[in-house]
Asks: 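Pasting a structure here, questions to come.
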Amino acid sequence: MRLLTHNMLSSNIKGVTNGFPLLIEAEKVLEKPVDFNPDFLRNMFPKIDWKALVGAAKAVGYGELPDAADSAMLDSDDFLRHLHHALLQLHLEEGALVCPETGRRFPVNKGIPNMLLHEDEV
Amino acid sequence: MSRPEIQAPPEIFYNDEEARKYTSSSRIIDIQAKLSERALELLSLPNDGVPRLLLDIGCGSGLSGETLSENGHQWIGLDISESMLNVALEREVEGDLMLGDMGQGLGIRPGVIDGAISISAVQWLCNADKSSHEPRLRLKAFFGSLYRCLARGARAVFQVYPESLAQRELILGFAMRAGFAGGVVVDYPHSTKMRKEYLVLTCGPPSLSTATPKAKGEDEESCSEDESSGDGENQTVCISDRHRPRKKQRITKKGKGREWVLKKKEQLRKKGNAVPADTKYTARKRKARF
Ligand SMILES: C[S@@+](CC[C@H](N)C(=O)[O-])C[C@H]1O[C@@H](n2cnc3c(N)ncnc32)[C@H](O)[C@@H]1O
């Protein structure tokens with residue numbers, strides 16, 4: 001699972017009002033090369049929750065993102081490269097996502113988060 | 001053979017053996033690719049060459065998602081069958097995968113998704129596979145959460161195999177109640193074999209863009225007459241070429257190819273990074289369609 005996806009996921013447990021962002025427990029992180037596409041990044045940028053992305057990147061050991069970002073930065077190739085790497089090339093391979101409100105752990109195995117809810121969570 | 005939906009719950013029906021069988025049938029691969037191409041066409045994303053972030057609901061082993069990748073898009077796939085997702089991993093699909101049950105609702109932030117497809121999956125929601133399952137509640141949870149996570153004006157296109165007219169109405173009814181506008185597109189309605197149904201749903205108030213697109217093969221009567229003879233391939237001949245989508249402009253010109261990926265992975269490895277091993281699937285040539 002890439003941080004792009006992490007940035008979109010939120011805890012879906014019944015009664016949870018603030019399930020975003022899921023905290024990351026990283027046991028194994030992989031990098032996989034992806035074609036660099038600035039158009040995608042520019043289009044995606046307004047939808048990204050920046051603070052959550054910076055936190056997630058740090059949780060998987062990547063500290064190259066600035067703490068705050070605005071759309072003017074999208075003109076910088078350097079910034080775009082870092083964003084590209086953080087969003088698309090880093091994979092949480094083993095570990096867990098943790099609901100910020102309830103502490104419920106969603107395990108991640110072979111890069112796949114198990115988001116299935118128990119019956120009493122639906 | 002009876003419909004898979006009534007044989008067992010999806011996570012049981014699509015076990016290791018079935019998942020492998022499903023994904024090694026060239027007939028199925030071909031059919032799912034065609035259905036996905038059509039669904040993507042019906043999504044009518046802006047024709048600006050920008051890759052979008054899409055959802056593939058009931059993504060299975062990634063056959064539908066591969067069509068999205070081939071057209072340059074990023075996608076997130078959700079499926080309830082671990083076996084199907086394992087095959088998707090083996091095939092090194094480019095989208096992200098999630099184990100989840102659409103009937104529990106999608107845990108995705110509001111307004112962030114540019115479009116959703118679902119190929120041959122949503123009819124599963126109409127079954128009560130557990131005593132705790134209430135199909136109406138599950139349909140409601142699914143469509144409500146889908147509506148919220150889509151960007152305004154974004155579309156969701158589902159190719160479905162409803163069991164009956166009533167089931168199709170049930171699904172559509174819940175989509176409308178969630179706020180979607182849209183309707184059903186039936187391609188080749190006169191043909192029992194080629195007939196395919198798509199729910200085309202738009203997020204947001206009705207407007208020009210929410211008008212239901214035109215179906216294919218609606219007025220080609222010769223199709224229904226040819227139906228009894230020949231196989232599916234021959235029957236498509238009478239569908240004139242003007243109905244075929246122009247070859248889609250590929251967004252990532254050609255991709256950089258296997259060599260580039262292998263080299264890049266080697267570089268990352270040398271830098272001491274954790275990089276997955278190379279297999280025959282790594283950056284394999286995607287089959288060009290049409
Ligand atoms: C016929 S397969 C289609 C897979 C893929 N879309 C394709 O085109 O090849 C149907 C898929 O829907 C999945 N499915 C059924 N019910 C589901 C549910 N409630 N939540 C998520 N996935 C589900 C099944 O596990 C199965 O992988």
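Proteins come first, then strands; the chains are lettered A, B, ... in the order of their sequence lines, and each starts at number 1. What you are looking at is a predicted structure, and each value in this text was computed from that prediction instead of being measured.
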Asks: Among the options B:Ile80, B:Ile113, B:Asp114, pick out the one with the most heavy-atom pairs lying under 4.5 Å from chain A.
Replies: B:Asp114
Asks: Do A:Met1 and B:Met98 make a side-chain contact, defined as non-hydrogen atoms from C-beta onward lying under 4.5 Å apart?
Replies: no
Asks: Is it true that a side-chain atom of B:Arg109 and a backbone atom of A:Asn7 form a donor plus acceptor pair closer than 3.5 Å?
Replies: yes
Asks: Would you say CD of B:Glu82 has more than 12 non-hydrogen atoms from neighbouring residues, nucleotides or ligands within 6.0 angstrom?
Replies: no
Asks: What are the two closest heavy atoms between B:Trp75 and A:Arg2, and how far apart are they?
Replies: O-NH2, 4.0 Å
Asks: Using every non-hydrogen atom in the two residues, find where A:Pro113 and B:Leu97 come nearest and quote the distance to one decimal.
Replies: CD-O, 3.2 Å
Asks: With a 4.5 angstrom heavy-atom cut-off, is it the side chain or the backbone of A:Ser11 that approaches chain B, or both, or neither?
Replies: neither
Asks: Is a donor on one side and an acceptor on the other found under 3.5 Å between the side chain of B:Gln104 and the backbone of A:Leu117?
Replies: yes
Asks: Would the number of heavy atoms belonging to other residues, nucleotides or ligands and lying under 6.0 Å from NZ of B:Lys140 be above 12?
Replies: no
Asks: What's the spacing between B:Leu268 CG and A:Lys32 NZ if we round to 0.5 Å?
Replies: 12.5 Å
Asks: Under a 4.5 Å heavy-atom cutoff, which of B:Asn273, B:Leu137, B:Asp101 has the most pairs with chain A?
Replies: B:Asn273
Asks: With a 4.5 angstrom heavy-atom cut-off, is it the side chain or the backbone of A:Phe40 that approaches chain B, or both, or neither?
Replies: both
Asks: Below 4.5 Å from any heavy atom of chain A, which atoms of B:Ile108 appear? Answer side chain, backbone, both or neither.
Replies: both
Asks: Heavy-atom pairs under 4.5 Å with chain A: which of B:Ala141, B:Gly103, B:Gly107, B:Pro110 has the most?
Replies: B:Gly107
Asks: Which bit of A:Leu22 comes within less than 4.5 Å of chain B, counting heavy atoms only: side chain, backbone, both or neither?
Replies: neither
Asks: As an exercise: rank A:Arg42, A:His91, A:Met115 by heavy-atom pairs under 4.5 Å with chain B and give me the winner.
Replies: A:Met115
Asks: What distance separates A:Leu9 CG from B:Ile76 CD1, expressed to the nearest 0.5 Å?
Replies: 6.5 Å
Asks: Does B:Arg269, at its CZ atom, have more than 12 non-hydrogen atoms belonging to other residues, nucleotides or ligands within less than 6.0 Å?
Replies: yes
Asks: For A:Met8, which of B:Leu106, B:Leu53, B:Leu55, B:Asp96 qualifies under side chain to side chain contact (heavy atoms under 4.5 Å, CB included)?
Replies: B:Leu53
Asks: Below 4.5 Å from any heavy atom of chain B, which atoms of A:Asn43 appear? Answer side chain, backbone, both or neither.
Replies: side chain
Asks: Tell me, for A:Val108 versus chain B, whether the close heavy atoms (under 4.5 Å) come from the side chain, the backbone, both or neither.
Replies: neither
Asks: Can you measure from CG (B:Leu99) to CG (A:Asn114) and round to the nearest 0.5 angstrom?
Replies: 4.5 Å
Asks: Locate the shortest heavy-atom distance separating B:Gly105 from A:Asn12; write the atom from each residue and the value.
Replies: O-ND2, 2.8 Å
Asks: Check A:Leu4 against B:Gln74 and note the closest heavy-atom contact, atom names and distance.
Replies: CD2-CB, 4.4 Å
Asks: How close do B:Gly111 and A:Lys47 get, heavy atom to heavy atom, and via which atoms?
Replies: O-CD, 4.0 Å
Asks: With rounding to the nearest 0.5 angstrom, report the NE2 to OG distance, A:His118 to B:Ser132.
Replies: 13.0 Å
Asks: Grab the two heavy atoms, one from A:Asp39 and one from B:Val50, that are nearest each other, plus how far apart they are.
Replies: O-CG1, 3.7 Å
Asks: In Å, rounded to the nearest 0.5 Å, how long is the span from CD of B:Glu90 to NZ of A:Lys110?
Replies: 8.5 Å
Asks: Under 4.5 Å from any heavy atom of chain B, what part of A:Glu31 do you find: side chain, backbone, both or neither?
Replies: both
